[in-house]
Amino acid sequence: MRSAEISPEMDGKKVTVFGWVHEVRDLGGLVFIVLRDREGFIQVTLPKKIIDPETFKKAKKISRESVLRVEGTVKKEEKAPNGFEIIPEVIDVLNESQAPLPLEVTEKVPADLDTRLENRFMDLRRPKIFAIFKIKSEITKSIRDFLNREGFIEVQTPKIVSTATEGGTELFPVSYFEREAFLNQSPQLYKQILMSAGFEKVFEIGPIFRAEEHNTTRHLNEATSVDIEVSFADHEDVMKILERLIAKVYCDVLENCEKQLEILDVKLEVPEIPFERITYDEALEMLGDQIPWGEDLDLQALKTIGSKIESHYFITNWPIKIKPFYVMALDEKLSKSFDLMHGYIELASGAQREHRYEKLVENIKSKGLHPESFEFYLKAFRYGMPPHSGWGLGLERLVMSMLNLNNIREAMLFPRDRTRLVP
RNA sequence: GCCCGGGUGGUGUAGCCCGGCCCAACAUGUGGGCCUGUCGAGCCCACGCCCCGGGUUCAAAUCCCGGCCCGGGCGCCA
């Protein structure tokens, strides 16, 4: 049984529990073993008088973090945590842990993030850390539920590709038999091709790879992207989907992860929709003369704006020249694009796409890219491509901003960064 | 990639500025002992550490140079 399934009302019942030895408190004639599983803790109590001498002796020697199977009787007990304890008949050491431990699961002594990531299997045993990933799981479940209900089709696109998606970002080269290939930085081109295929509404939750040598608290070289693409929709339409999705995710986490939020000491509020929308031009105004027109907003700028706007907001109508070639123009200078922000963290980025073949080819050229290398993509635009829009949402960024984590690595089980390839 | 800060028992810190009093301190841990209501258990004893290489000096954890590694900020990136 799991720790959460046992209650004081089960007094007298025989149970079998499994778990890790969180702590052993040996008081001489009375030994407490605190057993931990993913749901919580169970106190196993061994009073010398009533426990078989062999079992009692063995219990005193059990090392922390060993894995146990305990058969025993539930005893209602005021003095025990959660109001009950287990008086064991059989203690079976399924696997003994070595000592000393690479870090303290009990959190008596903190460990550096680096040490924690080096020993992630043990770091993840900490209820606080586990809670992050329980919530991340709830978030992905919530996203899937929402998008499925909205009539989206979940798809999987290639992660090994022949060409860059957008120019700009650096790609990881991989050896593909006799050719060179790359790890995909985004499913962008493929989800657009599916619009031509008539899928109308698609989404994908999958890994993306960026070979940038950044070393910050909000960048990873391997991350998870939630991507959607919708036919016959403009950027306003997909912004509405995005804000409703975010609100729904917050709602579901609030409802289904109460315990985890409490462990993490996070007070969540479902953001109100519609989210505030400011244009790029308005953003620049808020900043005074900090950023010249046409430049991207740097962290400093985003922090300034983020401090002025509570909760989530969109920055819309970005200069076309700093957007990728597939983004549709609004006029000479601006584009039908948006970023979803939470504080200074950019959560998502989207736009209406350029679906007109001639314009698209023009855009590719104007970015200094070669239309020939995008032929597999461009072909889909010559035989009936509907107007369409979409966005990509960084899952780890969402987790980070929701839970107030101060490093995005905390939101990844085994993060890949500039120097970390193992574990 | 650049700038700044750092690397001391398994883990987290102090000591470094101003070299000697440091065969390095504290907490946690580990091993042993005492203890029948712990829940950060308590008490006693023991164990375990100066990133690597070079230099300065009578003397280096401490100062200098190089390397490797880590953190923060920036840039790049969405």
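Chain A is the first sequence line, chain B the second, and so forth, proteins listed ahead of strands; every chain is numbered from 1. Hydrogens, waters and symmetry mates are skipped; everything else that's a heavy atom, side chains included, is used.
- Nucleic acid contact for A:Ala80: base, since at least one base atom lies under 4.0 Å from a heavy atom of the residue.
- Among the nucleotides B:rC77, B:rG37, B:rU36, the one closest to any side-chain atom of A:His219 is B:rC77.
- The separation of B:rA61 from B:rC3, taken at their C1' atoms, amounts to 27 Å, rounded to a whole angstrom.
- Looking at A:Asp37, its side chain does come within 3.5 Å of a backbone N or O of A:Ser3 through a donor-acceptor pair.
- Nucleotide B:rC50 forms no Watson-Crick or G-U wobble pair with any nucleotide shown, as no partner meets the under 3.5 Å limit on both distances.
- Residue A:Asp339 is in base contact, counting any heavy-atom pair closer than 4.0 Å across all strands shown.
- Candidate nucleotides B:rG12, B:rG75, B:rG71 were compared by shortest atom distance to the side chain of A:Thr216, and B:rG75 ranks first.
- Here the separation of B:rU62 from B:rC2, taken at their P atoms, is 26 Å to the nearest Å.
- Between A:Arg397 and A:Lys49, it is A:Lys49 whose nearest contact on RNA chain B lies nearer the 5' terminus.
- Between the side chain of A:Ser97 and the backbone N or O of A:Arg64, at least one donor-acceptor pair lies under 3.5 Å.
- For A:Arg69 (side chain) and A:Leu94 (main-chain N/O), no donor-acceptor pair under 3.5 Å exists by modelled atom type.
- Counting heavy atoms from C-beta on, the side chains of A:Phe374 and A:Leu360 never come closer than 4.5 Å.
- Put simply, CZ on A:Phe182 is 17 Å from C1' on B:rC77, counting in whole angstrom units.
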Between the protein and nucleotides 29-31 of chain B, list the N/O to N/O atom pairs that are separated by less than 3.5 angstrom.
| from | atom 1 | to | atom 2 | distance (Å) |
| --- | --- | --- | --- | --- |
| B:rG29 | OP1 | A:Lys108 | NZ | 3.1 |
| B:rG29 | O3' | A:Arg64 | NH2 | 3.2 |
| B:rU30 | OP1 | A:Arg64 | NE | 3.1 |

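- The side-chain hydrogen bond (donor to acceptor under 3.5 Å, both in side chains) check on A:His235 picks up nothing, with sequence neighbours excluded.
- Taking side-chain N and O atoms only, A:Asn119 has no distance below 4.0 Å to OP1 or OP2 of B:rG10.
- Partner assigned to B:rG5 is B:rC70, using Watson-Crick or G-U wobble distances below 3.5 angstrom.
- In this structure, A:Leu220 and A:Pro415 approach most closely via the heavy-atom pair CD2-CB, 3.9 Å.
- Residue-level contact check: A:Gln300 touches neither bases nor backbone, having no heavy atom under 4.0 Å from any strand.
- A:Asn215 comes within 4.0 angstrom of a nucleotide base, judged by non-hydrogen atoms across all strands.
- For B:rG5 and B:rC63, the P atoms lie 13 Å apart once the distance is rounded to whole Å.
- Contact annotation: A:Thr115 does not reach the phosphate of B:rC70 (side-chain N/O to OP1 or OP2, under 4.0 Å).
- With B:rC70, B:rC77, B:rC74 as the choices, the nucleotide that has an atom nearest any side-chain atom of A:Leu299 turns out to be B:rC74.
- A search for salt bridge (charged side-chain N to carboxylate O under 4.0 Å, His left out) contacts involving A:Lys75 returns A:Glu77, A:Glu85, not counting sequence neighbours.
- Rounding to whole angstrom units, CG of residue A:Asn221 and C1' of B:rG1 are separated by 14 Å.
- Applying the salt bridge (Lys or Arg N to Asp or Glu O under 4.0 Å) rule to pairs touching residues 328-340 of chain A yields A:Lys323-A:Asp339, sequence neighbours excluded.
- Across all strands shown, A:Pro81 has heavy atoms under 4.0 Å from base atoms, whether or not it also approaches the sugar-phosphate.
- Residue pairs meeting the salt bridge (Lys or Arg N to Asp or Glu O under 4.0 Å) criterion with at least one member in residues 13-31 of chain A, sequence neighbours excluded, are A:Lys14-A:Glu89, A:Glu23-A:Arg25, A:Glu23-A:Lys108, A:Asp26-A:Lys60.
- Close to B:rG1, at under 4.0 Å from its OP1 or OP2, lies a side-chain N or O of A:Arg418.
- For A:Lys75 and B:rU38, the NZ to C1' distance is 13 Å, given to the nearest whole Å.
- Under the 6.0 Å cut-off for aromatic ring centres, A:Phe314 and A:Phe338 qualify, their centroids lying closer than that.
- With hydrogens and angles disregarded, no donor-acceptor distance shorter than 3.5 Å links the side chain of A:Asp11 to the backbone of A:Pro8.
- Residue A:Gln43 has its side chain nearest to B:rU38 when only B:rU38, B:rG75, B:rU11 are considered.
- Along RNA chain B, the nucleotide nearest to A:Pro102 and the one nearest to A:Leu113 differ in position, and the one closer to the 5' end is contacted by A:Pro102.
- The side chain of A:Arg420 lies closest to B:rG71 when the candidates are B:rG12, B:rG71, B:rG37.
- The phosphate of B:rA41 has OP1 or OP2 within less than 4.0 Å of a side-chain N or O from A:Arg25.
- Here A:Gln98 lies out of heavy-atom contact (under 4.0 Å) with every strand.
- The side chain of A:Ala111 approaches B:rU11 more closely than any other nucleotide in the set B:rG75, B:rG72, B:rU11.
- Nucleotides B:rU56 and B:rG48 have their C1' atoms positioned 32 Å apart, rounded to a whole Å.
- For the side-chain hydrogen bond (donor to acceptor under 3.5 Å, both in side chains) criterion with A:Gln192, the lone passing option out of A:His355, A:Glu354, A:Glu229, A:His388 is A:His388.
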Report, one pair per line, the protein and nucleotides 42-53 of chain B atoms (nitrogen or oxygen only) whose separation is under 3.5 Å.
none

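- Atom P of nucleotide B:rG40 and atom CZ of A:Phe32 are separated by 13 Å, given to the nearest angstrom.
- If you check every strand for non-hydrogen atoms under 4.0 Å, A:Asp417 touches nothing.
- In this entry the distance linking NZ of A:Lys79 with C1' of B:rG37 reads 5 Å, nearest Å.
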